[in-house]
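What follows is one structure encoded as structure tokens, with my remarks underneath.
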Amino acid sequence: MIKSATPIVEIRHLSKTYIRGDYKIPVLEDITFDVMAGEFLALMGPSGSGKSTLLNLIAGIDHADSGQIIIGGDHITSFSETQLSLWRANHVGFIFQFYNLIPVLTALENVELPLHLTDLSRKERREHAAIALSLVNLKNRMDHYPGQLSGGEQQRVAIARAVVTDPTILVADEPTGDLDLASAEDILSLMEQLNLQSGMTIIMVTHDPRAAEKAKVLRHLEKGVLSHAHFQNPY
Amino acid sequence: MMVPFSYSFRNLWTRRLTTILTIFGMALVVCVFASILMLAEGLQKTLVQTGSDDNVIVIRKGSGTEVQSGVERQQASIIETMPEIAIGMDGKKRVAKEIVVLISIPKRKTGKPSNVVIRGIQGPSISLRPQVKLIAGRLPRTGLSEVMVGLSLTDKFKGIELNQKICCGLRNWMIVGIFDAGNTGFNSEIWGDVDQLMQAFRRPVYSSVIFQLSNPSMFQEVKLRIANDPRLSLEAKRETQYYLEQSEMMAKFLRILGLSLTIIFSIGATIGAMITMYAAVANRTAEIGTLRALGFQRKAVLVSFLTESLLLGFLGGCTGLFFASFMQFFTVSTVNFQTFSELAFRFNLTVKTVYSAFIFSILMGFIGGIIPAIQASRMTIVDALRAV
């Protein structure tokens, strides 16, 4: 884990426009900012402000129209699709609003899934996945299927899946959006713990002010324009 | 790197009802496909087993079958003198001059008449066919209007029973024996004394001459000598080759019929598999997005969905073959187009049929699955993830 004052994510003049029929809808306009290694950044903004688009671009699952994204020294905007897939497998951990676990795989197998893209042996994969599950206090539920787990537990499995490859950045899109208050608090504490104890760089999109409070840095995005960083919980 | 196989397998298991219905649809087609191949194989096996590789059959040039052939007595005598003919324990040459005539007998079930081969035989005829075993009664005596009948005829034709008489060639022929020739064409024939049958049917010529070679490797030499002898307008064939040729037209017809039918049926089954796979892709769009986001490449998603479809095809093939294998217990009787006579034979399941059925079923799975799999692999990650 990189933890220093050097930027791990560098965004330069990033723009993205969606085309819907004859209409061009600009979503992001000339966005430039950095995310420092070990930072916990919350991106807030109203619906349609472009925060999820920005997150998708940083995670390498969408393509920008112009500008550059440099993550850990990799210019991902110049990557081919195959290179991006490999890069995501090694450098990005995803946490989705609706957990996005594979329903036919057990908790352990879900966590093991990204490790299939590594050179680890089956035994090593299982060991790594079990450790990740114990980090989120779900070692006793590893043989359960997602349908047998509560929403909060499913999201914890998703977090275990996101961190099992020890990624460069963790991207979370409304991680508490589908959870009750208690489970949401639980998940946010876990993310905070990952950031503080492991120095994991986290970029989180959220509508929830309580979730945003946990982040160290808060930025607002409105009509495609990003606000200055607001340091709410200094290191 | 590929998506784990357990993902494909468990998704099929999760959608059990759809999976079973799709497999069942494919199994039906594979069952029909395999059954028709088994029918063609059964026919071919029965006719090929009828002959022996050591035996040579001599018929008129260009006649194709014994029924159309005519071998004059003088020509038959020339054949009998050939030195390559094996000599039996009794010191006599292992050669038989035979006549083949078609007679019409009503079928037991329908009462409709059908052609049956009646073969005029000589003493060595039986020893030349060791597969022929007398199982009831006795052999027909020379000089008498007596016959013995193949086992397959007894339950398929009216009046074909021991000590019953059949009327043909203006005579009544007493059935004095029943023989079992196993799974061969002889099992559907009636055998009697050649001279009595020639008189009764007013035939001045034999249909064929059968002999055993003292050394089977001499066949080419014998064949050439017969073909080049200006006194003989005859041709010699190995008995196995002769019967193989007899089965070719019918087997080809069955295969073409079977293939045409199964191609039509397979379109339905393939569309069924395609609908199943399209539904799978539609229901799992978010999963596809997740897999792609985690780093699995397009081809990994394509292979994963195609694997499911191929599994459907494989399981359809297994099920279809399982049901088709029961056909081996059935014997069917039909008219062989080449001899115009009734022939009873069993469905025969061969390794080739199993192989062909699996290729066919997996091909159905592939065609049914490839387009949905391509669709799944072409989804953009962001759009797929929005489908939650």
Side-chain angles (χ1 to χ4, degrees), chain A residues 16 18 27 52-57 59-63 80-106 108-120 122 125 145-147 158 161-162 164-165 167 171 173-174 177-178, chain B residues 1-20 276-277 279-305 307-309 311-312 315 374-388:
Chain A
K16 174 81 179 174
Y18 284 124
V27 184
S52 288
T53 302
L54 181 57
L55 193 75
N56 290 341
L57 290 170
I61 59 173
D62 202 356
H63 297 279
S80 69
E81 196 167 319
T82 308
Q83 286 172 316
L84 264 180
S85 293
L86 291 170
W87 177 80
R88 280 197 304 272
N90 291 316
H91 297 283
V92 187
F94 286 90
I95 304 170
F96 302 97
Q97 182 179 356
F98 299 106
Y99 334 125
N100 287 44
L101 298 177
I102 305 295
V104 296
L105 302 180
T106 62
L108 185 75
E109 288 165 337
N110 263 288
V111 177
E112 193 192 343
L113 197 57
L115 297 175
H116 282 274
L117 297 161
T118 65
D119 295 329
L120 295 176
R122 187 174 186 271
R125 287 199 310 261
Y145 287 91
R161 181 180 66 185
V164 74
T165 52
V171 295
D173 193 354
E174 302 278 10
D178 195 46
Chain B
M1 291 290 180
M2 293 297 137
V3 179
F5 177 75
S6 57
Y7 173 70
S8 304
F9 181 78
R10 286 193 207 163
N11 269 303
L12 286 180
W13 181 245
T14 304
R15 309 186 315 268
R16 279 187 285 279
L17 183 66
T18 320
T19 301
I20 289 169
T276 303
M277 290 313 297
V281 172
N283 290 332
R284 279 150 54 199
T285 305
E287 286 178 34
I288 294 165
T290 308
L291 290 171
R292 296 274 289 115
L294 292 178
F296 288 99
Q297 293 183 23
R298 286 184 191 279
K299 67 179 176 196
V301 172
L302 186 141
V303 169
S304 172
F305 277 86
T307 302
E308 273 182 49
S309 183
L311 263 173
L312 282 175
L315 293 171
I374 288 172
Q375 190 201 40
S377 69
R378 281 190 178 171
M379 281 179 186
T380 61
I381 303 172
V382 174
D383 290 341
L385 286 172
R386 280 193 193 122
V388 176

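Naming: A, B, ... by sequence-line order, numbering from 1 per chain.
Heavy-atom distances place the side chain of A/Tyr145, and not its backbone, under 4.5 Å from chain B. Neither the backbone nor the side chain of A/Gln97 comes within contact range of chain B, judged by heavy atoms closer than 4.5 Å. Proximity to chain B is absent for every atom of A/Glu112, based on heavy atoms less than 4.5 angstrom apart. In this structure, chain A has heavy atoms under 4.5 Å from both the backbone and the side chain of B/Phe296. Only the backbone of A/Thr118 comes within less than 4.5 Å of a heavy atom in chain B; its side chain stays farther off. If you measure heavy-atom distances from A/Leu84 to chain B, you find no contacts under 4.5 Å at all.
Annotation: the span from B/Asn11 atom CG to A/Leu105 atom CG amounts to 8.0 Å, rounded to 0.5 Å.
Residues B/Arg292 and A/Arg88 have side chains in contact (heavy-atom distance under 4.5 Å, counting atoms from C-beta outward). Residues B/Val3 and A/His116 fail the side-chain proximity criterion, which asks for heavy atoms closer than 4.5 Å. Counting heavy atoms from C-beta on, the side chains of B/Arg10 and A/Ile102 never come closer than 4.5 Å. Between A/Ser85 and B/Arg298 the shortest side-chain heavy-atom distance does not fall below 4.5 Å.
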Q: Take B/Leu385 and A/Asp173 through the side-chain contact (heavy atoms from CB on, under 4.5 Å) test and state the conclusion after the steps.
A: CA-CA 11 Å; B/Leu385 286 172; A/Asp173 193 354; over 6 Å; no
